[in-house]
**Q** 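This is the structure, below, for whatever I ask next.
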Amino acid sequence: MPESYVDRLVARYEEQLQGFGASLPEEFKKSALLLDGVLGESELDQWAETGIRLAGQSLRAWEAATEYFRATPVIHATIGFQGIIAWAQLAANIAEKSSLVAASFIKFTPSVLEYLTLDDLEEWSLQGDRLFRGNWKSGTLSAAYFEHTPALLKFLPLASIEKLVSIIDALTERSYELASTCLESATRIFGELESSDREPFLGFARAVTRASWADTRLYFERGPSLITSISPEHRADFLDLSAKVTSEVGRQAFPLFADAAESLGQLSEDTHAEHILFASNIAIGSPTAAMEYLKIVPFVSNRLTSEQLRRWSAVGEEILTVENNAEGAEAFFRLESTRAENSLQELSSRIELASINTLLRMYAKALTGEQVGIYSVEELVDQNIGWVQESVATTEGSSIYLPPFVATFDEQEANFQSYKVFATHQTGRIEFGSFRYKWNQPGIYTGSTILEREESAQSRREVSADSDEVSPSSALTAMQRYFNVFDERILISGIFTVVEDTRVDAYVSREYGGIRKWLRQLQAHEGNRRPRVENMPLRAAFVENLLRTSLGRPETMRWPTVYREFLESGLAALKIVEQDDATVQDSAEAAAAIFDIAQRIPNVTPAMSDGKFDFDSPSEDMLSIQPAMPSGDGPPLDMQSNDQEIEFENPPQPEFRGDFKPELVQLLARLKQQQEGQVDGEGAPLTKEQLKELLENSVEITIAEWAEGDLDESLGMFLENLEQAATPSGEGKSDDDSKGSDESSGGQGDGEEQELPMEIDWSYYDEWDFRASDYRPRWTRVGQRFHEAEEEPEFYEETLRRHHGLVMETRKQFEMMRPEVFKKIKRVEDGDELDVDLAIEFYIDKKAGIGPTGKVYNKRNKMERDVAVAFLLDMSASTDEEIEKQRQSNSNDDDEDDFDGDPRKYFQWLAARRASQMIEPPKRIIDLEKESAVLIVEALEAIGDSYGIYGFSGYGRDNVEFHIIKDLEEPMGPLVQRRIGKIEPIRSTRMGPAIRHTIHKLNEYDAKVKILIMVSDGRPQDHGYGKDRTEKEYAVHDTKQALLEAKRDGITPFLITVDKEGHDYLQQMCDDIGYEVVDDIESLPRRLPTLYRHLAVE
Amino acid sequence: MTKENKSYTQLAVEDFRLTKEPYYLEINDEVSLFEAAYNNHIPVLLKGPTGVGKTRFIEHMTWRLQNSVGDAPSDGVPLITVACHEDLTASDLVGRYLLEGDETRWIDGPITRATKAGAICYLDEVVEARKDTTVLIHPLTDYRRLLPVEKRGELLEAADGFLLVMSYNPGYQSALKDLKHSTRQRFISIDFGYPDRDQEAAIIEVESGATPEYSRDLAKLAEKVRNLKEHGLGEGVSTRLLVYAGKLMVAGISPRRACQVSVVWALTDDMEVQRSIEEVVTSIFDE
Ligand SMILES: Nc1ncnc2c1ncn2[C@@H]1O[C@H](COP(=O)(O)OP(=O)(O)OP(=O)(O)O)[C@@H](O)[C@H]1O
Ligand SMILES: [Mg+2]
């Protein structure tokens, strides 16, 4: 066989190729053979030369060359020989910098060419090249880029990949590790994304990387799944929006994006378009507002219809576009603005219990005459004393539990009226005596058969030798004893509930004509939501039909005509309690009679007894049934079959009637009595065993853990909870009570209890956001606390001693102060005004010859001054600053001359100074505040004005500390003296809420002249009191606003700052508010009384 | 003065007699108590919140006594009422000299006139008077039944029909203004509480002419509102206000509105309490 050209070629280069790795000559040979006949001879030469040149470019370039030889036969088919040469040139360019990268480039070219043309290759090489920075890490990354491209190209065009490259490139400046993770995960991520989402996803990714590179990883990790919750058609829009926003919000971009995406996920997809569009519109004015809007939408749309939501958003949009107030709009959509809340409330038809709690409490008090608490059902469930349903109204006898909100109807009025109906039905149970069942008492319309029933039950049980049954005498309450009589507790309990609720509703609509209409509406609403009778077993259907009648919807009853007498006599019995004045005793009797009927009805389903009965609409007769007690027993309903009976279950209660648990309520009442020490005729204290028995038998209790686990243990816990609930008010209830209201929580009356170490009363105040020009509603929480200070009793005395002269002087000045209000004293012998009537009478009497004394003058006399002043002392950490230090630095400059260059004088001075510092520790601002407090106390005691002294500090808006040193109405005493001694610098300075709380206190106090004096170092500063710690504007504006609020309430505010170093940020703001900077700080104790005199007398 | 037609009658207080029986519904046994006290010369203190019928009761009793004594208008028991206030002096009660030309003339004060005429002297809101004024009645209200007329140096013995009756609302008095024990213990004390629902409904119906249903509803409302006493309501709603409400209803004002002006707003300025009461009103009345 003649040697071919290729063989010669191979032979020619074989030797040259020996110096490199073994694979090089092999690949060369293999490819050469493959190219035989494909390339011409000169082409072959050129091909080989190129490879060999490549191999020689650097130490490890032979690898790249190996790949070159391996790849060429494959790609020749697509790009031809000229292509190969051009491509090889690209590779050579890369190889000049890194043969490793070049190898990767070459190696993956064949796969890339499935997607790219020859022309693209250069672009591709450049992208990879861009990532290479000449070091090892970047080389690896660049190589990885070439490696991943083929896979990526499946999902992204090269132009998009370029964007990815620039993201990765940007990341390399921070972290190669992060860059390569992103690169590696890219294929998976883009593979998972819908094709239309890929480009926008990249766009936002780029923005995130620019704004906050570290978030890129988070975005790559969570982004894809986050956006799946957004409707597919609008993902791109959302991502575009997020990207646009990013340039403005910077680091917040990803969190905002994530929150907004999650929010959108909570909304139905067909609303996404609208929300995203709206957000995009406002993003033009404020990107943040746009994202805040998306975040808040789910919350708001829970309260508003979509039309209302539109109107609400329009208000926010107006703030942005018309008022041009971006920060206002942001606060609006964050719901941190009063305007936002108010407009939400106006638009919303939903009523929150919290907003009408006080109202309903008074309403319930009025209706029942008893102190009835109104709580959210959630709280009752938390107590775990047997109530579990969270959404229904109920009462345990002294409190009413209502759902946390009502949004059943479209109009606010209707929802509010629903609350009233709820409340009225529950108070009705109290008002109309549902819990006052007495054993064996006749009703108005019925006699009592319960004793006979009990006897027959007993003999029946003896016969069946069911020794486990409870003996009747052991019942703890009348209600328990009543229920014990019946063999089927669930059934009697359900029937009694229906009957008694019927009675209460009848009472309510008789007695309260004004809510009759709403009661009807709610009844109808409930009536429409009843489960289908047709699906119920027969006995349950019987009870359900009674319930429907009691909801005023008898026409919705469905019952087999063949068994009509059963239902008819049941209805007649039910009607008894709808009559005027029917009592709970009537209910008990009627329920017993209905129970008898129900027991005769087998609980079988229509399917099982198929064909035997149909559910029919009620006849005319049935609809006009008159009240009547059913006559005794009858034979059981004749089914002529052995259909299987289903365990009986009561149909669900209508929401507004809620749970009814008379047995538990009576037990609670009993426990309460026992705790209050009144053991009545009903017997000795309850034993645990008795309780356990009751609870085990009662069907009113559903305890979550009941079934599982240790019965004894859960029972024990339950008992504890019960006893806690029975404990007189204040102690048992959680302290949640005090939340959101200024009233101090109850618990008065049981005052002998030892004092708590510190009691905190929380109040909420708005805060002024000057940027939004609006209040942030209930933004701050002020905790008022009394100190039972024990330390430093001597501070007060000590100050008095030390400043004896000053104290005396101030006192004298105050005693001399001219009181400005006078009161007339009539009928005195000497005075400044003659009373004409008296004078005439005196004259006549004189004439008539009687000589009474001449008390004919009126005198203007000093009346008690009517001034109340509150001092508010800054107890923030900055008051810890030493004053000495400041002075020292000053005096060093000024006084230098005094020493006349004589070192002895200087040392004398120094020694004296040291000595004085030994005796007195350096003084701090707070010390001066304290001394001033002492002085002012002395002064005010002399003049007799009412005054309070308060200190404030705290950290963050949730925890503004408000310390009572002396309350306005509190008399001066040793305790106050000690509290003054205990004043210490604590934390930050949120002035606004402290001022507002003081205003609140002054408003509560009765005085003609009211003054608020705040002493501080002029530096409002707190966590979140402004954009960051250094921003003062927000704090200063809020403080000023609070001072203006004081003015508006008729209080004279006055500010004293003891700042020497010009830290005073308040001064420039408070032009129209009384203000003084006490320059010579130490003159504060002297200055304060003088100032006060000015304020209170002028 | 050319006008001849007198559009008014002027009468000396002791000559005034009621011409028709003032309606009064007895709540407990106050009528018989009062009669017994009157017959035994025992002074009476009527105690109770405003607008529960104290004044009406005393008028009613005067009328009853007047009719039991005789038929002629000059017979019977006159009622002399003094509204007490803090500037009330002894002279205002007992009498004073007047100047007539150069002469002085004595005129009797209300209490003196009552003592002489054997009238019931009704001191309304007696705690408002100054203590030095109230001690004046001490000799009149014990077994002596004497009125010292200091300025004339006389002692007046009370005529047989004379009785001193005072009224007093313990609700809003400050401790400062309470009655002295020595004053208090000269009187028997009849307590006027609020009538129960049926009684009050009856009173409203008669007094205002409102329908029995409305009257009952008003009485119900009163009962509910009185439950709110500790909630910033100084006093429960008075029967008087309910009668007003009834009258407005008769005049065609809607019940809710009538209650708003005569009950809700008349009772308190506290918005929250107002709203709560209004909710009670709207629960009871449907329009
Ligand atoms: N028992 C009653 N019988 C009839 N009318 C009554 C009765 N109680 C109250 N009233 C009605 O109430 C109105 C007010 O009563 P009255 O003026 O007597 O009150 P009072 O107790 O004197 O109040 P005050 O303390 O304010 O003077 C009467 O005009 C009357 O219409
Ligand atoms: Mg009166």
Side-chain angles (χ1 to χ4, degrees), chain A residues 355-372 374 413 416-417 419-421 423-425 427-428 430-431 507-520 741 743 748 824 826-827 835 837-838 840-852 855 858, chain B residues 86-87 89-92 95-107 130 132 149-154 197 213-214 216-217 220-233 236-237 255-256 259 268 270-287:
Chain A
S355 68
I356 53 166
N357 196 305
T358 325
L359 179 71
L360 287 182
R361 191 167 35 213
M362 268 192 261
Y363 176 77
K365 171 85 205 280
L367 261 47
T368 60
E370 281 168 40
Q371 200 65 53
V372 182
I374 303 276
E413 171 72 3
F416 174 73
Q417 294 296 342
Y419 259 125
K420 261 184 86 176
V421 174
T424 313
H425 186 84
T427 54
I430 300 174
E431 186 180 0
Y507 247 110
V508 167
S509 50
R510 263 199 312 275
E511 292 285 306
Y512 298 107
I515 56 170
R516 203 178 297 146
K517 164 177 155 208
W518 301 103
L519 175 64
R520 294 264 157 77
S741 90
E743 294 161 40
Q748 276 143 348
K824 240 187 226 172
K826 290 189 168 175
R827 274 187 285 274
D835 185 316
D837 287 346
L838 291 176
I840 293 171
E841 188 169 343
F842 174 69
Y843 172 72
I844 298 170
D845 286 351
K846 258 246 149 58
K847 253 209 127 112
I850 4 164
K855 294 184 174 172
N858 292 336
Chain B
E86 60 175 6
D87 283 340
T89 62
S91 310
D92 293 337
R96 52 165 52 91
Y97 282 102
L98 290 183
L99 204 54
E100 247 176 24
D102 229 12
E103 294 296 295
T104 57
R105 186 169 66 88
W106 171 259
I107 71 153
R130 291 148 51 95
D132 55 342
V149 185
E150 215 182 305
K151 286 185 180 171
R152 298 175 60 129
E154 291 171 3
R197 202 192 276 191
E213 290 72 34
Y214 280 156
R216 230 191 121 64
D217 281 346
K220 189 191 301 165
L221 173 66
E223 186 183 299
K224 303 297 177 202
V225 170
R226 285 170 195 150
N227 281 336
L228 284 179
K229 189 143 188 260
E230 303 91 83
H231 289 260
L233 291 188
V237 56
R256 285 185 174 180
C259 291
T268 173
D270 182 320
M271 302 266 283
E272 203 145 45
V273 184
Q274 278 184 359
R275 250 209 94 184
S276 312
I277 301 178
E278 238 162 83
E279 292 307 336
V280 179
V281 171
T282 55
S283 281
I284 294 177
F285 296 99
D286 60 356
E287 47 172 8

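Protein chains get the first letters and strands the later ones, always in sequence-line order, with residue 1 at the start of each.
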**Q** Name the region of B/Leu98, side chain, backbone, both or neither, that has any atom closer than 4.5 Å to a heavy atom of chain A.
**A** backbone
**Q** If you tally heavy-atom pairs under 4.5 Å against chain B, which of A/Val508, A/Leu359, A/Thr424 wins?
**A** A/Leu359
**Q** Measuring heavy-atom distances to chain A, does B/Phe285 have an atom under 4.5 Å in its side chain, in its backbone, in both, or in neither?
**A** backbone
**Q** Report which part of B/Thr104 has an atom under 4.5 Å of a heavy atom belonging to chain A: side chain, backbone, both, or neither.
**A** side chain
**Q** Sequence neighbours excluded, which residues qualify as side chain to side chain contact (heavy atoms under 4.5 Å, CB included) partners of B/Glu272?
**A**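 In terms of side chain to side chain contact (heavy atoms under 4.5 Å, CB included), with neighbours along the sequence ignored, B/Glu272 is linked to A/Thr358, A/Met362, B/Asp270.
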**Q** Given heavy-atom pairs under 4.5 angstrom as the criterion, report whether the side chain, backbone, both or neither of B/Arg275 touches chain A.
**A**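 It is both, since atoms from each part get that close.
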**Q** Looking only at non-hydrogen atoms, find the nearest pair between B/Arg256 and B/Val281 and report the distance.
**A** CA-CG1, 4.1 Å
**Q** For a side chain to side chain contact (heavy atoms under 4.5 Å, CB included) check, start with the C-alpha distance between A/Lys420 and A/Trp518, then their side-chain angles and the critical distance, and finish with the verdict.
**A** CA-CA 9 Å; A/Lys420 261 184 86 176; A/Trp518 301 103; over 6 Å; no
**Q** Holding to side chain to side chain contact (heavy atoms under 4.5 Å, CB included), I want the full list of residues that pass it with A/Ala364, two or more places apart in sequence or in another chain.
**A**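 Checked A/Ala364 against side chain to side chain contact (heavy atoms under 4.5 Å, CB included); matches are A/Val372, A/Ile374, A/Ile400, A/Thr427.
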**Q** Taking it one step at a time, do A/Glu841 and B/Lys151 satisfy side chain to side chain contact (heavy atoms under 4.5 Å, CB included)?
**A** CA-CA 12 Å; A/Glu841 188 169 343; B/Lys151 286 185 180 171; 2.7 Å; yes
**Q** Against chain B, label A/Lys517 side chain, backbone, both or neither, depending on which of its atoms sit under 4.5 Å from a heavy atom there.
**A** neither
